[in-house]
2 protein chains.
Amino acid sequence: MSLRYALLAILRVGPLSGYDLQKQFSQSVGHVWHAPDSQIYPELRKMEAAGLVEGEEQARGERGTRRVYHVTDAGDRAYLEWMQSPLDYQRVRDPAHLRAAYLENTTPDAARAFLRAHIAEWEGELEQWEGELVRIDALGNPMLVRRLAVTPEEDRERTIAYKRFAYEGLVERARGEIAWARRGLALVDRLNP
Amino acid sequence: MSLRYALLAILRVGPLSGYDLQKQFSQSVGHVWHAPDSQIYPELRKMEAAGLVEGEEQARGERGTRRVYHVTDAGDRAYLEWMQSPLDYQRVRDPAHLRAAYLENTTPDAARAFLRAHIAEWEGELEQWEGELVRIDALGNPMLVRRLAVTPEEDRERTIAYKRFAYEGLVERARGEIAWARRGLALVDRLNP
DNA sequence: GTCCACATGTAATCAGTTACATGATTGA
DNA sequence: TCAATCATGTAACTGATTACATGTGGAC
């Protein structure tokens, strides 16, 4: 259900076509909430059916069309209500820690391969998120720029500060996972001299 | 798909009925991979259909029956293969960090409420996982005891060490989330003097 | 004329959630 | 006899994944 509000958060800044929305999405919220276009288009239609957004068909060249969506009042209210409502936390379901708890069932080499892959995975994420932090500071993120353009001067600091805050949290998590897996590698060595 | 291997990990130690499996599950792997009984029973049936486990109907009192499952050779092989295979990482989908990135869209009070709820959520998890660590050290976990009983002496250290390792990782993650949210609270105060 | 970006979907499947549903056994 | 625990599911639904499917516009 969060996808809906992630999309609203972007559309609230200004109308976008499904295609543009999807691009902005993958460059901003997409770092926190992944969704492929095959999920975004149908979701937009559902949101329209629910009265949260409205799409306007626009001509594009001779025959082409594109559908530009904007948030309705009802959509805006729904978004703000969601921001006020308690988040529903999913129950833990963590395949990496699941496997880690049973590493004695496999070979030292397989254990090492798993831990190295874990490090590689989180280093990839870390790079993305650190990149996002750099872009936030440099105002290099198109979504953020669009956002700040319609934000009153006195609220800009807030906007930037919360973005930084969110990504800092992700960066710390990635570092934590990497450090943990490195300790795991040392543990495998210690247990298999 | 991890549920299947989480169940195999427990059943490999020795046969259990669906009911007992579910109890052991919730007291051990359940801390890392949640699953309700309504998911476990059908999954066992599917695993049986796939030849990974076999169930034997046992009498229980006059009319009652219970179905006791054990892992087949194919199940054992499938488990060991899974342990050797690369883990498939899910794409990020983190509602808390999603909301954090847009906290400027709501009131300071709602932002604080969100962050406090985040802290409470992770303190709950932390307590569970720290409890698990204590039980591991005290050999107070029934699943682990059952496990160690069928583990050769020289592998016990391994078994315990990897359990500790997995739960330590979770504990650190929880502490990280709590620290992050506390910094968030300070940020809200700073931005709204 | 061909390639890349623009533009928008459908269909099948899967994993997980919630709610519903039922009944037997054991011990106080 | 009553409650707790043992014991096992089904059904409807939701959110997400994967694969498939189709066509236009503009630049080189």
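- Contact footprint of chain A on DNA chain D: nucleotides with an atom under 4.0 Å from a non-hydrogen protein atom, first to last in 5' to 3' order, dG15(D) to dG25(D).
- Rounded to whole angstrom, the span from the CG atom of Leu44(A) across to the C1' atom of dA7(C) amounts to 13 Å.
- The number of heavy-atom neighbours closer than 6.0 Å to CD of Gln58(A), taken from other residues, nucleotides and ligands shown, is above 12.
- The side chain of Tyr19(A) approaches dT8(C) more closely than any other nucleotide in the set dA15(C), dT17(C), dT8(C).
- Nucleic acid contact class of Arg60(A) (heavy atoms, under 4.0 Å, all strands): base.
- With a 6.0 Å cutoff to the six-membered ring centre and a 45° limit on the axis angle, Lys46(A) does not count as a cation-pi contact of Tyr41(A).
- Between Gln22(A) atom CD and dT8(C) atom C1' there is a gap of 10 Å when expressed in whole angstrom units.
- Counting to the nearest Å, the P atom of dC14(C) and the CG atom of Asp88(B) are 15 Å from each other.
- The base of dT18(C) sits with one of its N or O atoms less than 3.5 Å from a complementary donor or acceptor on the side chain of Ser38(B).
- Atom-to-atom, OH of Tyr41(B) to C1' of dG16(C) comes out at 18 Å; the value is rounded to the nearest Å.
- Using the six-membered ring where Trp is involved, His31(B) and Tyr167(B) have ring planes that are perpendicular, over 60° apart on the 30 and 60° scheme.
- Evaluation of the ring pair (Phe, Tyr, Trp, His ring centres under 6.0 Å) rule for Tyr79(B) yields no partner, not counting sequence neighbours.
- Separating the CD1 atom of Ile40(A) from the C1' atom of dA7(C) is a distance of 13 Å, rounded to the nearest angstrom.
- Atom CZ in Arg63(B) sits about 14 Å away from atom C1' in dT22(C), given to the nearest Å.
- End-to-end axis angle for the helix from dG1(C)-dC28(D) to dA28(C)-dT1(D), using five pairs per end and rounding to 10°, comes out at 10°.
- When atom types are taken as modelled, the side chain of Asp94(A) and the backbone of His97(A) share a donor-acceptor pair closer than 3.5 angstrom.
- The cationic atom of Arg173(A) (NZ for Lys, CZ for Arg) does not lie both less than 6.0 Å from the six-membered ring centre of Trp129(A) and within 45° of the ring axis.
- The CD atom of Gln39(A) sits 18 Å away from the P atom of dA12(C) (whole-angstrom rounding).
- Comparing Leu3(A) and Ser17(B) by the nucleotide of DNA chain D whose heavy atom lies nearest to each, the residue mapping closer to the 5' end is Ser17(B).
- Regarding Gln90(B), its CD atom lies at a distance of 9 Å from the P atom of dG16(C), rounded to whole Å.
- Across all strands shown, Lys23(B) has heavy atoms under 4.0 Å from sugar-phosphate atoms exclusively, and none from any base.
- Across the interface with DNA chain C, nearest-nucleotide mapping of Arg67(A) and Gly64(B) shows Arg67(A) to be the residue nearer the 5′ end.
- Side-chain contact between Leu170(A) and Leu126(A) is absent, with no heavy-atom pair separated by less than 4.5 Å.
- Residue Leu139(A) is grouped with residue Tyr162(A) when hydrophobic side chains (ILVMFWY) are merged at heavy-atom distances under 4.5 angstrom, including chains of intermediate members.
- Note: the hydrophobic cluster containing Tyr19(B) does not contain Leu8(B) (ILVMFWY, side chain heavy atoms under 4.5 Å, direct or indirect links).
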